[in-house]
There are 4 protein chains.
Amino acid sequence: MPKVTEEHRTARREEILVAASRCVARDGFHKTTMADVIRESGLSAGAVYGYFKGKNDIIRAIAERSIGAVAQLLADLVERAEPVHPVDAVEVFLEQMTALARETDGDMLKVGVQAWAEAVRDPDIHALAKEKMGAVRSVLEKVVRRAQRDGTMSSAADPAAVAQVLFALLPGFVLEAVILGDVTPASYVSGLRDLLS
Amino acid sequence: MPKVTEEHRTARREEILVAASRCVARDGFHKTTMADVIRESGLSAGAVYGYFKGKNDIIRAIAERSIGAVAQLLADLVERAEPVHPVDAVEVFLEQMTALARETDGDMLKVGVQAWAEAVRDPDIHALAKEKMGAVRSVLEKVVRRAQRDGTMSSAADPAAVAQVLFALLPGFVLEAVILGDVTPASYVSGLRDLLS
Amino acid sequence: MPKVTEEHRTARREEILVAASRCVARDGFHKTTMADVIRESGLSAGAVYGYFKGKNDIIRAIAERSIGAVAQLLADLVERAEPVHPVDAVEVFLEQMTALARETDGDMLKVGVQAWAEAVRDPDIHALAKEKMGAVRSVLEKVVRRAQRDGTMSSAADPAAVAQVLFALLPGFVLEAVILGDVTPASYVSGLRDLLS
Amino acid sequence: MPKVTEEHRTARREEILVAASRCVARDGFHKTTMADVIRESGLSAGAVYGYFKGKNDIIRAIAERSIGAVAQLLADLVERAEPVHPVDAVEVFLEQMTALARETDGDMLKVGVQAWAEAVRDPDIHALAKEKMGAVRSVLEKVVRRAQRDGTMSSAADPAAVAQVLFALLPGFVLEAVILGDVTPASYVSGLRDLLS
DNA sequence: TATGAATGAGCATTCATTCAT
DNA sequence: GATGAATGAATGCTCATTCAT
């Protein structure tokens, strides 16, 4: 098979990452073997290694996808609308994230938790996570500042500190969803509103 | 063997777990090898296997310690005092957890994140985590109900939903502390208070 | 396909062998991969396999070229002139071999050593090497006999035994040149003459 | 099995090297697989890796043994006696080397040729070979100087150049023995004497 | 005809666990 | 009991070769 388009190549990489993500959601990064990824992707060993330098490369790419997806989601969110209140931002975000999770049978959230664990021990992934999470948090900080200008939040509040809490609500939700399994954006946001009232 | 031996046995198990936890904080559960644990504990392979059935047994025990520590902390907390408001409960809790983390050079938090990841893929650890986290959350729910009785919280609030949010603040803090590294109980609680005001 | 194609085919084979020889000089036969040969030759995998049945075929061809070059050299040598003494034959030969080596950046000698190693373990190459080296040695034996007839060597000498020694001087020189790097035909032949005097 | 003596460890390493040398004599360094070495040594994979860091470590050790053995042989030789003439030194040396080869079913010579090939492509082994061969050659140079003092060799000869030739006789003999198979120290030395007379 | 992506058997190496001493 | 050398299945990865386009 001669000359394959760049698009085809990207599509194949994506296929492999999706297959590998299924494995990671099920078994975690280090209990997923390359044989698992190969089987799940339906390709041969050599083919997979033609698209990725090795297992670490795949782990890196999945962690990036997983952590980056959330950042992308929030960035889009902020572009689109002008939420009245930071809590609304959290709400819309949770709904989007939940929708994204449903598309992947909940795998995305599970992979996310694995990515956090990897970020704790792998310096490169730690740097990546720090950057992406920092970006999300600074977006939330901007939302807070805007709300203060709008008068929907007290101007006495420290935007950075509030953003720390707002940000924490996101991984907190994910963990609760994945481990306890009984949280929904609706219940969660309603609890948040109750708490704030 | 007399009872001294039993105490000795427990102490040795603890030593091994502490050594293994250092490894896990550094490398994660599955990149930590038994050779690492053996080296770090200063014992022989045979000795370690005399105290634990195998690597899984050690992983189980560390995950349990890590997740259980938090539950224990909150249980103690509730026994001792009658916080005026759920946010105070969160505050006291974060301080205690931070103190505990400091004692272990921050390892406890890192191991905690690894334990979450393990809870996602190992049914036994998942069950354990579900139980412990559920217990913590139901304690928070009781705190909410108490606050409602005290009149410090609106009785219109759904205690279960509020507890979901309060609980989420804990792992959210841990993750932010471990990855972003710039949160303290003080900044975090002040942000929370700002948000609620 | 017309005859031009046949010449073209031979030229292409030659190109591939030259490229592969560079690889072999650098990495040896078995650390040279087909990917190396393909890259170095600038052709595609399919093209290379159009000219050679496989890697073994290329190894065979290179070993043959390498061992055969020496044989060819000596054959030419004997045709041309009537050396006064076997030592002169050795001298002229070393000079020619050195010149040939220079043309290929010293690769030819390095490939030669690899070919010896291959002749030790591969029966086909062993047979080839035995034949070629045997031919060279028998040429040297003829040179000795001629010298005896000329009176420049004692007729008491055993031509076969003397040829063994004369022949040994050739690979001995190559090895010294490749490993120790400080021998020249001039120094070597002068040493030989000193020894004989 | 606790505590094993250093001698036992050395003996095991030696066993593995002997087994691996048999493989290398048969298949060369890079066609010898670790599975071959493991099978031939009768140990398990883990055991072999307990004595050597990896395949490269084994290759290194075998190459060193093989090249060093010759150096050792000559060093012993020079200590013992005062040969009348450099040719006698070569003779005694060849006999010793042949005896050593016989002890290993001819493997030692074959491994030697493989080691030369490795010295051409591996910088570490090249350095090792250069050192050992240089040592042997300088011993031969001393023998020449001694012969000049004794009057058995012309003082006009350049000892370094003569040593180059004397040294070359050794690998030359080995290659002829291994490839052509019809040389003996006796025939070879008789040819040398004929040539010199 | 030429291409180069795909194949998959084979390789070096690791590591949880055992058990003879 | 304590030791640590030995085990061997499992793992990540390579590479000679093929064949659809």
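In what follows, every chain begins at residue 1, and chains take the letters A, B, ... in the order their sequences are listed.
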Item to complete: Report the residues that fulfil salt bridge (Lys or Arg N to Asp or Glu O under 4.0 Å) with D:Asp107, sequence neighbours left out, ordered by chain and then residue number.
Response: none
Practice prompt. Take atom CZ of B:Phe29 and atom P of E:dC15, then tell me their distance rounded to the nearest Å.
Written response: 17 Å
Worksheet entry | Under the side chain to side chain contact (heavy atoms under 4.5 Å, CB included) test, residues paired with A:Ala11 that sit two or more places apart | none
Between side-chain atoms of residues 42-52 of chain C and protein atoms elsewhere (two or more places apart, or another chain), which donor-acceptor pairs fall under 3.5 Å?
| unit_1 | atom_1 | unit_2 | atom_2 | d |
| --- | --- | --- | --- | --- |
| C:Ser44 | OG | C:Ala47 | N | 3.2 |

Discussion item. Distance check needed: F:dA6 C1' versus D:Glu15 CD, whole Å only.
Written reply: 14 Å
Worksheet item: Taking atom C1' of F:dA6 as reference, at what distance in whole Å does atom CZ of D:Phe52 sit?
Response: 16 Å
Worksheet, complete the sentence: side chain to side chain contact (heavy atoms under 4.5 Å, CB included) filter on A:Thr10, not counting sequence neighbours, yields A:Glu6
Practice prompt. Please list, chain by chain and in numerical order, all residues satisfying side chain to side chain contact (heavy atoms under 4.5 Å, CB included) with D:Ile67, sequence neighbours excluded.
Written response: D:Ala115, D:Ala129, D:Lys132
Discussion item. From CZ of B:Arg39 over to P of E:dT14, roughly how many Å is that when rounded to an integer?
Written reply: 13 Å
Worksheet item: Between the main-chain N or O of A:Thr32 and the side-chain N or O of A:Lys55, is there a donor-acceptor pair closer than 3.5 Å?
Response: yes
Discussion item. Please classify the nucleic acid contact of A:Tyr51 as base, sugar-phosphate, or nothing, using heavy-atom distances under 4.0 Å.
Written reply: sugar-phosphate
Worksheet item: Separation of B:Lys31 atom NZ from E:dT14 atom C1', in whole Å?
Response: 10 Å
Worksheet item: Is a side-chain N or O of A:His126 found less than 3.5 angstrom from the main chain of B:Ile179, in a donor-acceptor match?
Response: yes
Discussion item. Counting the atoms with a prime plus P, OP1 and OP2 as sugar-phosphate, which does D:Arg9 contact under 4.0 Å by heavy atoms, base, sugar-phosphate, or nothing?
Written reply: nothing
Item to complete: Quickly work out the B:Ile59 CD1 to E:dC15 C1' distance and round it to whole Å.
Response: 13 Å
Discussion item. Could you work out, with salt bridge (Lys or Arg N to Asp or Glu O under 4.0 Å) as the rule, every residue matching B:Glu64, not counting sequence neighbours?
Written reply: none
Worksheet item: Mind pulling the stems DNA chain E is in, i.e. runs of at least three Watson-Crick or G-U pairs, everything under 3.5 Å?
Response: E:2-21 with F:2-21
Taking only distance into account, with no hydrogens and no angle test, what donor-acceptor pairs under 3.5 Å do side-chain atoms of residues 18-27 of chain B form with protein atoms, sequence neighbours excluded?
| unit_1 | atom_1 | unit_2 | atom_2 | d |
| --- | --- | --- | --- | --- |
| B:Ser21 | OG | B:Leu17 | O | 2.8 |
| B:Arg22 | NE | B:Glu40 | OE2 | 2.8 |
| B:Arg26 | NH2 | B:Glu40 | OE1 | 2.8 |

Worksheet entry | Under the salt bridge (Lys or Arg N to Asp or Glu O under 4.0 Å) test, residues paired with B:Glu14 that sit two or more places apart | B:Arg65
Worksheet item: Closest to the C:Ser44 side chain: F:dA6, E:dA2, F:dT3?
Response: E:dA2
Worksheet item: When you check every protein heavy atom under 4.0 Å of nucleotides 9-14 of chain F, what one-letter string (B, S, -) results, 5' to 3'?
Response: B-SSBB
Worksheet entry | Euclidean distance, atom CG of residue C:Asp57 to atom P of F:dT18 [Å, nearest integer] | 12 Å
Worksheet item: Heavy-atom contacts under 4.0 Å between residues 21-28 of chain B and DNA chain F, which residues?
Response: none
Discussion item. Nearest whole Å is fine: how far is E:dT14 P from B:Asp36 CG?
Written reply: 13 Å
Worksheet entry | side chain to side chain contact (heavy atoms under 4.5 Å, CB included) involving B:Ile125 - partner list, sequence neighbours excluded | B:Ile59, B:Arg60, B:Ala63, B:Glu118, B:Ala119, B:Asp122
